[in-house]
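Here is how names work: the chains are called A, B, and so on, in the same order as the sequence lines, proteins then strands, and each is numbered from 1. Keep in mind that what you see is a predicted model, and the values were worked out from it rather than measured.
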Amino acid sequence: MRDYDHKKLDPPSLKLRTGKKKMTEYNHLKIESKWQKEWEKKEVFQAENNSKKPKFYGLIEFPYPSGAGLHVGHIRSNTAMDIISRKRRMEGFNVLYPIGWDAFGLPTENYAIKTGIHPIKVTKDNTDIFRKQLKALGFSFDWSREINTTDPKYYKWTQWIFLQFFKKGLAYKAKTTINWCPQDKIGLANEEVVGGSCERCGTPVIKKEKEQWMLAITKYADRLDKDLDTVDYLPKIKIQQRNWIGRSEGAEIDFRINSTLALPTSPGLPEGEGKFVSPFGGEFKKGVGEGEMPRYFTTNPELWKALQGKALEMRKNPTNGEKIMWDLLRRNNLSPTLPEGEGENPRGFHFRRQHIVDRFIADFVCIEKKLVVEIDGDIHDYLKSEDQERTEVLNQLGFEVVRFTNSEIIKKPEDVLRKIILKINDISKKVLSFGEDLGGVELAIKVFTTRPDTIFGATYLVLAPEHELVQKLKSQILNWDEVLRYIVVNEKKTEIERTAEDKIKTGIELKGVKAINPVTKEEIPIWIADYVLPHYGTGAIMAVPAHDERDFEFAKKYGLPIKNVIEPVFVEGPKEGMPYSGEGIIANSGKFSGMDSEKAKKEIIKFVGGKAKTTFKLRDWVFSRQRYWGEPIPLVNCAKCGWVPVPEKDLPVVLPKVAKYKPTNTGESPLADIKNWVNVKCPKCKGPAKRETDTMPNWAGSSWYFLRYTDPKNNKEFASGKNLKYWLTTPLPNPLQRRGKEFKASPFGGGMEGVEGQGGVDWYNGGMEHTTLHLLYSRFWHKFLYDLRMVPTSEPYLKRTSHGMILAPQGEKMSKSKGNTVNPDDLIRIYGADTLRMYEMFIGPFDQAVSWNTDSMIGPRRFLERVWKIGERIATRKPKNSSRFTRQNPTGSDATQNSLVSASLSKLLNKTIKKVSEDVEEMRFNTAISSMMILANEMESAFAQGYGVTKKDYKKFLQILSPFAPHIAEELWNMLGEKNSISISGWPKWDKNLIKDEEIKIAVQVNGKVRAEIMIRTDNSEEEIKKKAVTNKTVLRHMAGRDAKKVIYVKNRLVNIVV
RNA sequence: GCCCAGGUGGCGGAAUUGGUAGACGCGAUAGACUCAAAAUCUAUUGAUGGCAACAUCAUGAGAGUUCGAUUCUCUCCCUGGGCACCA
């Protein structure tokens, strides 16, 4: 139910009792539809391309036509820009105030899934409703330029722009861990994940590997940040953009890993399977020997070839001991148990028998641990010296050798096994596995830090669990079991789990490896922890627990050393048990001690051979959606040619009809099921190929729509250069501060001529909820198009403002589910569009959130009725009096009175014109309206006293009112005999001289407390005024005979007497 | 936790950026008109005391600067929005 009273459902009607004459009522229903039709017929609000008038391009965010219909929030934003646009039009501008539909999106698709109604139909129905509602509010949109992102004629160009990204290498496909919503079955951009949950449905997001199209917005991160200096956005919008881009200046510094434990490369042994030339020619692939290709080549191909036959033979005829031993080892029961499906025995101590190492056939070998197990049978006794030699050679190659006798194995197999286990555990500290040879390579961990000045306090390193070095160090890590477990657990965590654990940091030390602090040369431990993010910086940090809260917390938890290296200056030190993260003076840092920390940053980077580096939080934009209701990505995948763009002449790639809109369970788009659409000829080689079935996110169409408005029907280009130039760059008479012209060459070459770089949509208003994403994305697209010299400006919008949200009466969000929404149709019917517009502007400060209260709408309604009443009286006045205010029966004395009333009303009118003119520019609509209310009240009381208002003055009042309440203003304007629309009639000017007051009232204070008010003439001297103040009776009483120590006069404000 | 707004009558909100706090509107109370109601008009409407003139107290709380603070500074509390381990 709605929150307004049913007793108010009848429109307040005006019954004027002005003597004998019955006046007409203010019938908003009649007036509003009449003028809406009239404006449309006469095309009053159609913008001309390339007019001689100065241009003004005012923009609002085009709405998503939801099934819920127009929201009062839309009206607030649209009315504000409408007021500004109407004012500009009256000021003589050629105004473009366009409208369209951002119609791709999930709600429509979900509705289609539920009902089976095609999204095209749903969209058409919804836009029809929205259009009707918007028209009923009398917005001065240029409806001839209406656009719709789901129209193939429109999205042809969205696809075309995407292809430009693709051609320049800024659109690429990457397998990334994406945020996956298991409910919507859709990949989400990072921005769409709110608190670890899907922005739309609130389901916890999980991680999933998926090939996705990406747009390289990070390539523009720097410019997106810096160029904010050149535009006029509300400060808080700039702050939000900057926070999102997250620029931070720092350095990359290498920390060497202590490599004394790494072994040199095994001599003469080929590495890697690929290099191996099969000894059996083409026949040797798989299925040789034990039936598997050797994973590690421990000898060269020639020797292998020579010995392989013998090895096979020996395997077939094992001795007793060998047989028992093989049974012990082959079951892999030396391997620690692993959870099911955790890869193929990654930590397994897999043994091979009769394996060829160099020129020997070793009995049993664990290659990963480089352990050889030999069985010395009685038969071999005489070969003792030869065994000795074997051992030596094997040792040289980095193998440990253990020997058992046949009888040992037969009698006590458990003992043998235990000895082998002990040996494995023992040697695991020292050796590296084959094929992951680290010997001779100097390994270093690159960290990113913004505080290189604190490097002396770096007491440990932390890597992200996903860091590639962790895998590389695998063989050196003594506690690999634990480490792996930690990594696996971390991978499985959902976003929500990771963020829910906010305060509790976890991590694990990589035992067996150490890093060297490059300045202190101390060995410091290396940890992995989930508080270090893989995607930011280098995915590795130097931890300085004394000067970073996170590192501090972590160090406390795990008992890591904390070393203070910054002393604060001019500020209180940190609280007990808290790290100090500010700047200060360097301490405990060798030759840098005593240096200012800011200065030390540069010096230390140099000293350690680091590199100054700027990093951004911004990540590339996941541009794929596995959904139906979006623009198809116009690419074809050919086995031969790879990804091939659909030729321009074949654009648009139209969304095919589909029976089911639901995404497939595999996560593919429903388009994947339409075989005859998916299968196409490769545009390049004409071979068989498949279409990309992903669609674009709903940010795509809105990233360039404001360009299309300049030339909405163009089917050769997304918009003509001529129109773009006119609407985006023609300077305003009073432009914003602009920087020097840019004539930089395009990084891509070619493009529009004479591109200047400065300009954009003159004024763009929208919601705070779009200040990060939509704004950033469209700036990115625009900059890209600018680099192609396809648009004339480097920024899309010169000025951006934001409106506050409209909340339900109790201050909660309006939502259909809560049932606290307001239906604009009812309000228009009951109160009229003009009243609704007035109310929404009067409700509170435009940029702040406000609570809806339908009861208060009666105020603006009464105001309009008052305006109507005054207008009627003027219109029905006798013609001879119509040009001047008058009194019905003027007498000599009244004439004086008349002119006094006239003068004061005229003065108030001029003040009001000034106030409204200025307030509109500052979007202070609420105070503009209040000043017009004051004026109307004064006019009415002038009438009540029997005096009049001149027609001329009243018409000026109608002019300043008309942007707010266009219908009633137009009607009264017409009633007063004007033939042309008020909306092109001109904006009244105020007379500077008229608004000056000759006589004003000022306050007199005694010791800062107001005690009296005195009238002064503004041309009085300060002395005269002070004298008047100190001789005032009330003032004297409060001074109580004391002398004035000091008398302060603030011009036209007050006098303060200090006693 | 960090960043950005904001906290003023019964309610939405003004206040020229340090200068008469509460404009304008809603609501409320009384009166006029009316058989009556609605609508409209008139008056009152921050709180407390007082017949009154008037006085005192009041802009989230507490301090400070100042002749003077809703406005500036500091500390704290609360509300809304944004970000969420970004090194």
>> Applying the Watson-Crick and G-U wobble criteria at under 3.5 Å, what pairs with B:C11? Answer none if nothing qualifies.
In response: B:G25
>> Nearest 0.5 angstrom please: A:K907 NZ to A:T912 OG1, how far?
In response: 12.5 Å
> NA contact type, A:M768, heavy-atom cut-off 4.0 Å: base, sugar-phosphate, or nothing?
Replying inline: nothing
>> Does A:L1054 reach a base, just sugar-phosphate, or nothing at all? Heavy atoms under 4.0 Å.
In response: base
>> What is the distance, to the nearest angstrom, from the CD atom on A:E769 to the P atom on B:C83?
In response: 12 Å
> What integer distance in Å separates A:R873:CZ from B:C41:P?
Replying inline: 12 Å
>> When the P atoms of B:G10 and B:A58 are compared, how many Å lie between them, rounded to an integer?
In response: 16 Å
> Picking from B:A14, B:A87, B:C24, which would you name as closest to the side chain of A:S930?
Replying inline: B:C24
> What nucleotide among B:G27, B:G6, B:A87 has an atom nearest to a side-chain atom of A:V532?
Replying inline: B:A87
> Are A:W852 and A:Y839 close enough that their ring centres sit under 6.0 Å apart?
Replying inline: yes
> With ring centroids as reference points, do A:F842 and A:F925 lie under 6.0 angstrom apart?
Replying inline: no
> B:A14 P sits how many Å from A:D919 CG, rounded?
Replying inline: 11 Å
> Does A:R866 have a side-chain nitrogen or oxygen under 4.0 Å from the phosphate oxygens OP1 or OP2 of B:C41?
Replying inline: yes
>> Measuring from the side chain of A:T449 (C-beta onward, heavy atoms only), which nucleotide among B:A87, B:A23, B:G25 has the closest atom?
In response: B:A87
> If you pin A:P860 and A:H535 to their nearest nucleotides in RNA chain B, which one's is more 5'?
Replying inline: A:P860
>> Classify A:K617 by what it touches in the nucleic acid, base, sugar-phosphate, or nothing, heavy-atom distance under 4.0 Å.
In response: base
> So which one's nearest nucleotide on RNA chain B is more toward 5', A:I1048 or A:P845?
Replying inline: A:P845
> Counting any heavy atom closer than 4.0 Å, what does A:I541 reach on the DNA or RNA strands: base, sugar-phosphate only, or nothing?
Replying inline: base
> Should B:A53 form a Watson-Crick or G-U wobble pair with both distances under 3.5 Å, which nucleotide is its partner?
Replying inline: none
> Does the side chain of A:S248 get closer than 4.0 angstrom to OP1 or OP2 of B:A87 through an N or O atom?
Replying inline: yes
> Can a side chain N or O of A:K911 be found less than 4.0 Å away from OP1 or OP2 on B:U16?
Replying inline: no
>> Need the pair for B:U59. Rule: Watson-Crick or G-U wobble, both distances under 3.5 Å, any strand; none if unpaired.
In response: none
> What is the glycosidic conformation of B:G50: syn, defined as within 90° of 0, or anti?
Replying inline: anti
> So what does A:N937 touch, heavy atoms closer than 4.0 Å: a base, only the sugar-phosphate, or nothing?
Replying inline: sugar-phosphate
> Is any side-chain N of the basic residue among A:E940 and A:R873 closer than 4.0 Å to the acidic one's carboxylate O?
Replying inline: no
> Tell me: CD of A:E922 to P of B:A15, nearest whole Å?
Replying inline: 12 Å
>> Whether A:K869 and A:E865 form a salt bridge (side-chain N of Lys/Arg under 4.0 Å from carboxylate O of Asp/Glu) is what I want to check.
In response: no
> With sugar-phosphate meaning primed atoms plus P, OP1 and OP2, does A:H1038 contact a base, only sugar-phosphate, or nothing at under 4.0 Å between heavy atoms?
Replying inline: sugar-phosphate
> Is any NZ, NE, NH1 or NH2 atom of the basic residue among A:D997 and A:K911 found under 4.0 Å from an Asp or Glu carboxylate oxygen of the other?
Replying inline: yes
> Which value, in whole Å, describes the distance between the C1' atoms of nucleotides B:U40 and B:C33?
Replying inline: 9 Å
>> Nearest to the A:N1056 side chain among B:C3, B:A87, B:G68, which nucleotide is it?
In response: B:G68
> Taking OP1 and OP2 of B:A39, is either one under 4.0 Å from a side-chain nitrogen or oxygen of A:R861?
Replying inline: no
>> Tell me which nucleotide, if any, is Watson-Crick or G-U wobble paired with B:C67 when both distances must be under 3.5 Å.
In response: B:G19
>> For A:Y26 and A:H28, take the angle between the two ring planes, folded into 0 to 90°, and tell me which bin it lands in: parallel under 30, tilted 30 to 60, perpendicular over 60.
In response: perpendicular
>> Restricting to non-hydrogen atoms, name the atom on A:A808 and the atom on A:N820 that form the minimum distance, rounded to 0.1 Å.
In response: CB-ND2, 3.3 Å
> Roughly how far apart, to the nearest Å, are B:A38 and B:G62 at atom P?
Replying inline: 44 Å
> What's the CZ-C1' distance between A:F255 and B:A87, to the nearest Å?
Replying inline: 12 Å
> So what does A:S856 touch, heavy atoms closer than 4.0 Å: a base, only the sugar-phosphate, or nothing?
Replying inline: sugar-phosphate
> Considering only the P atoms, how many Å lie between B:G1 and B:A55, rounded to the nearest integer?
Replying inline: 48 Å
>> Is it the case that B:C85 (base atoms only) and A:K505 (side chain only) share a donor and an acceptor within less than 3.5 Å, ignoring hydrogens and angles?
In response: yes
>> Rounding to an integer number of Å, can you tell me how far A:Y26 OH sits from B:A39 P?
In response: 18 Å
> What is the base-pairing partner of B:C83, counting Watson-Crick and G-U wobble geometry with both distances under 3.5 Å?
Replying inline: B:G1
> Reckon A:K1001 touches a base, only the sugar-phosphate, or nothing at all at heavy-atom distances under 4.0 Å?
Replying inline: base
>> Taking the minimum atom-to-atom distance to the side chain of A:R1037, which one of B:C24, B:U20, B:C54 wins?
In response: B:C54
> Do the side chain of A:E549 and the base of B:G1 come within less than 3.5 angstrom through a donor-acceptor pair of N or O atoms?
Replying inline: no
>> So A:R1011, base contact, sugar-phosphate only, or nothing? Heavy-atom distance under 4.0 Å.
In response: sugar-phosphate
>> Nearest to the side chain of A:W244, heavy atoms from C-beta on, is which of B:C85, B:A84, B:C26?
In response: B:A84
>> Looking at A:R800 and A:E61, is any side-chain nitrogen of the basic one under 4.0 Å from a carboxylate oxygen of the acidic one?
In response: yes
> Considering only side-chain heavy atoms of A:Y536, which listed nucleotide, B:A87, B:C24, B:G27, is closest?
Replying inline: B:A87
> Using the P atom in both, what is the distance from B:G80 to B:G31, to the nearest Å?
Replying inline: 43 Å
> Considering only the P atoms, how many Å lie between B:U29 and B:C76, rounded to the nearest integer?
Replying inline: 45 Å
>> Suppose we define a pair by two distances each less than 3.5 Å, Watson-Crick or G-U wobble; what does B:U40 pair with here?
In response: B:A32
> For A:R1053 and B:U20, is the shortest distance between a side-chain N/O and OP1 or OP2 below 4.0 Å?
Replying inline: no
>> Taking B:A47 as the reference, what is the distance to B:G9 when you measure between their C1' atoms (whole Å, please)?
In response: 9 Å
>> Could you tell me how far apart A:I843 (CD1) and B:G25 (P) are, to the nearest whole angstrom?
In response: 17 Å
>> Please give the distance between the C1' atoms of B:G12 and B:A28 as a whole number of Å.
In response: 16 Å
>> Given B:A84, B:C24, B:C26, identify the nucleotide with an atom nearest to the side chain of A:F842.
In response: B:C24
> Hey, is the side chain of A:N926 poking within less than 4.0 Å of OP1 or OP2 on B:A14, counting only N and O atoms?
Replying inline: yes
> Rounded to the nearest Å, what distance is computed from the CD1 atom of residue A:I858 to the C1' atom of nucleotide B:U40?
Replying inline: 11 Å
> Is it true that A:K557 and A:E553 make a salt bridge, defined as a side-chain N closer than 4.0 Å to a carboxylate O?
Replying inline: no
